[in-house]
Amino acid sequence: MTAKFSRRTFFKTSGLVSAGIAATSMLPDKFLLWAEEKGMLQASQIPTYCEICFWKCGALAKVINGKVVKLEGNPAHPGSRGKLCGRGNGGTGLLYDPNRLKTPLINTGTRGEGKYKKASWDEALNFTAERMTKIAKKYGPESMAIFTPTDHFLPLISAFGSPNVGMPSFAQCRGPRDVGLELTFGDSIGSPERLDMLNSKVVVLLGSHLGENMHNSQVQDFVESIGRGAKYIVVDPRFSIAAGKAVKWLPIRPATDMALILAWIHIIISEELYDKEYISRYATGLDELRTAVRDYTPEWAAKETDLKAADIIETAHMLGRRAPAVCIHPGRHATWYGDDVQRTRALGILMALLGSWGREGGAFFATKASFPKVASKPYPEPSRPALNLGGYPFAGGEGVTQAIRTATITGKPYPIKGWFVSGTNLLKALPNQKETMEAIKQLDLLVAVDVMPFDTVMMADVILPECSYLERHDALAVGKGKSLTVSLRQPVIEPMYESKPAWWIAKELSKRLGLASYFPWNTYEDKIKSQCSLWGINYDELKKVGTITIPDSSNPYITPLNQPEFKTASGKIELYSHELKEKGFDPIPVYTSHEKPEPDEFRLIYGRHAVHTFSRTTNNPELHELYPENEVWINATKAHSLGIKNGSYVTLINQDDVKISHIKVKATERIREDCVYMVHGFGTTSKELKKAFAKGGDDQGLVTKYAVDPICGGTGMRVNFVRIGKETINA
Ligand code: SF4
């Protein structure tokens, strides 16, 4: 007998209708979405903001019977404008990754051996608090350092009495950029960067491979600005995605960017293409600058950069003639060669000469609207100052990560005995893994809080499993672009397994450390509610819409009635920096030639892939499927001359004889002959990351050498050279 199997029968049979669709978690998302579209199932749409990277795009989570089936961009959010990038769409991959940390774990073997016992939250938190207290008693609270990009544990460590905060996002990434622009304009460019690309006539990308570094709204601006007629000049030793959209690709010799920028400055001054009125009104130091760049001719720069002098001149003219609607993107990851503050200063000086800082099509000013500061209990004054070995005067309060690491190894100027690591994979972020491992060996305590068992997490003495961003509240995200926005992160489903939100972990630890008064709220939602009430935000509305934009009338551009304020020592744009001069640095950037690769060597450069955020996404099942392993890009002609075939696997050996083996070759004309390129973040050593383990090559493993920026302490990491290991060619 053949049963008539209608859709209705199917639902009845599968129990979806009568049993309240209890089995939906077993059904494919596509089916659930189809059923929802047909009106058979009901979905809720819950706003939050994404954490697959730091862009914090507003997202809408579609949830059917407790399962997140789809993530979409929140149209109300300026970072997403209704769209998520590929990685953001893969947020459910993180949520349902079977390799997630599920319970607290306490190490039972030697550190790094990977032997753990499951622990209750009480056990794990007591263990952590007892060890922290022991360190404070024996060495002082400053001997406990924290590495984190997130908000919850900073109050805890400050209340504990330690000033030692290490932020890889500063010292290994944007620090020199921010410091360079602050020294020039008295302000940084912000994040997301305040770049008016949509209204630009010319955009320079130097140190930014937009489209591969997938910053959602900026990539949307990139695409739209091209549609509106903006001309792109892309400076990159590699023919990047962005270079493919440019009117001019300048395949520069790596490490010579400053020569190009100084030559542009030279041309713009000597041909009087600079904005005279803007400079005389707002800047100081033009005469000194004119003298300082006198010898940086295009012909000189051509030799340094391996570009044609005619191209340097032509692009300088493009900039000068279309100013001020010229956008010079200062990049984001700025720690390259150790003179990175000065390189960013040179970019800033160029922006100033073009009059594009504060002008339409250049860099706009952030809204003047702001929220009142939320009062909190003052933290105790640490009895010893924050570590700043080397005395980098502009390291700021965000710490010098390698100073913490060095003090951990040497015990000087005082011992560091505990690391609290949350949301950062230090073995993949800091240069010289050997030093990081050496430091880890010296610790009495390594605490890791994370969602996934990353390499550094698997070195910890105690692992506290955090739930993903889709299962928790976090700090309100305040956006200061042309408008002021506030966005809410809220749980779209309950935490899975035994994972807990970071705010809960911090609060529970505070109770055990006698610091509960610094966390004077019951739940983080309570804290957010009282913040909203102080800021005049309707919390119920925010919960419903995810992002609220505060109406304000700030003008993002300079006008006769809207005059800028430059918070520099002189109150002007400092083409010549008295502040740098006083501290013993060059007041105007000076070109220094960097080491070049030997004939059998390549400079190692690294970057991003559109579907990954460093090592944090390599195990994400959805994103792993799209790009499972990185490759080493080698110039095709060079590869041919070395007998290396496209698609073969090779070993890379750096100048210190550190090797990484079995990395796939991408032989391509899209890269210069003197460098190789890898997408950063692959080659994980954590066996718990079943998909990512040993896939691809660990570029960071080859970064044994680094050049510390004497101004801000950032670690320049593009100073390593590699050879191709002959023994494994075409294996
Ligand atoms: Fe998420 Fe992509 Fe936005 Fe980053 S850019 S926050 S990954 S949607």
Side-chain angles (χ1 to χ4, degrees), residues 45-62 68-97 149-151 168-169 173-174 189-195 197 208-224 241-242 329 331-333 423-425 450-452 468-481 485-492 546-547 607-627 679-681:
Q45 185 125 292
I46 305 168
T48 186
Y49 66 87
C50 180
E51 197 193 33
I52 298 296
C53 87
F54 42 74
W55 211 249
K56 299 182 177 169
C57 296
L60 301 172
K62 192 170 265 195
V68 183
V69 291
K70 197 172 184 199
L71 295 168
E72 288 172 323
N74 184 347
H77 190 273
S80 53
R81 305 173 195 160
K83 299 183 183 93
L84 296 182
C85 77
R87 295 169 301 167
N89 275 303
T92 48
L94 171 70
L95 181 64
Y96 297 118
D97 190 327
T150 59
D151 300 304
S169 62
C173 196
R174 65 184 161 76
I189 194 76
S191 174
E193 291 83 21
R194 296 179 283 99
L195 296 170
M197 288 160 61
S208 177
H209 48 312
L210 270 184
E212 287 153 286
N213 83 32
M214 181 52 76
H215 298 152
N216 192 350
S217 50
Q218 208 165 74
V219 174
Q220 293 185 45
D221 286 354
F222 172 43
V223 173
E224 202 181 327
I241 299 285
H329 196 308
R332 191 165 181 108
H333 171 73
T424 177
N425 188 2
D450 219 314
V451 181
M452 298 297 301
S468 77
Y469 71 96
L470 291 166
E471 305 158 280
R472 64 178 201 240
H473 282 105
D474 269 327
L476 291 172
V478 174
K480 281 197 99 175
T485 56
V486 59
S487 304
L488 176 71
R489 178 174 287 152
Q490 59 183 331
V492 306
T547 294
R608 307 281 303 267
H609 188 279
V611 299
H612 284 293
T613 303
F614 325 127
S615 61
R616 299 196 68 78
T617 51
T618 52
N619 201 67
N620 180 313
E622 293 178 23
L623 304 180
H624 176 89
E625 198 177 318
L626 296 171
Y627 189 72
V679 169
H680 170 68

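Start at 1 and go down the list; that is how both ligands and their atoms are numbered.
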- Query: Among the protein atoms near atom 3 (Fe) of ligand 1, how many are N, O or S and lie under 2.8 Å away?
  - Reply: 1
- Pairwise distance CZ(Arg608) to OG1(Thr613) - rounded to 0.5 angstrom: 5.0 Å
- Note on the structure: Rounding to 0.5 Å, atoms CZ (Arg332) and CG (Leu210) come to a distance of 11.0 Å
- Task: Indicate yes or no for a side-chain donor-acceptor contact from Ser487 to the backbone of Thr547 under 3.5 Å, with no hydrogens or angles considered.
- Result: no
- Message: Can you see whether His215 engages Glu193 through a side-chain donor-acceptor pair at a distance of less than 3.5 angstrom?
- Response: no
- Pairs meeting criterion salt bridge (Lys or Arg N to Asp or Glu O under 4.0 Å) with involvement of residues 214-224, two or more places apart: Arg81-Asp221, Glu224-Arg228
- Determine the interplanar angle of the His612 and Tyr627 rings, folded into 0 to 90°, and report it as parallel if under 30°, tilted if 30 to 60°, perpendicular if over 60°. tilted
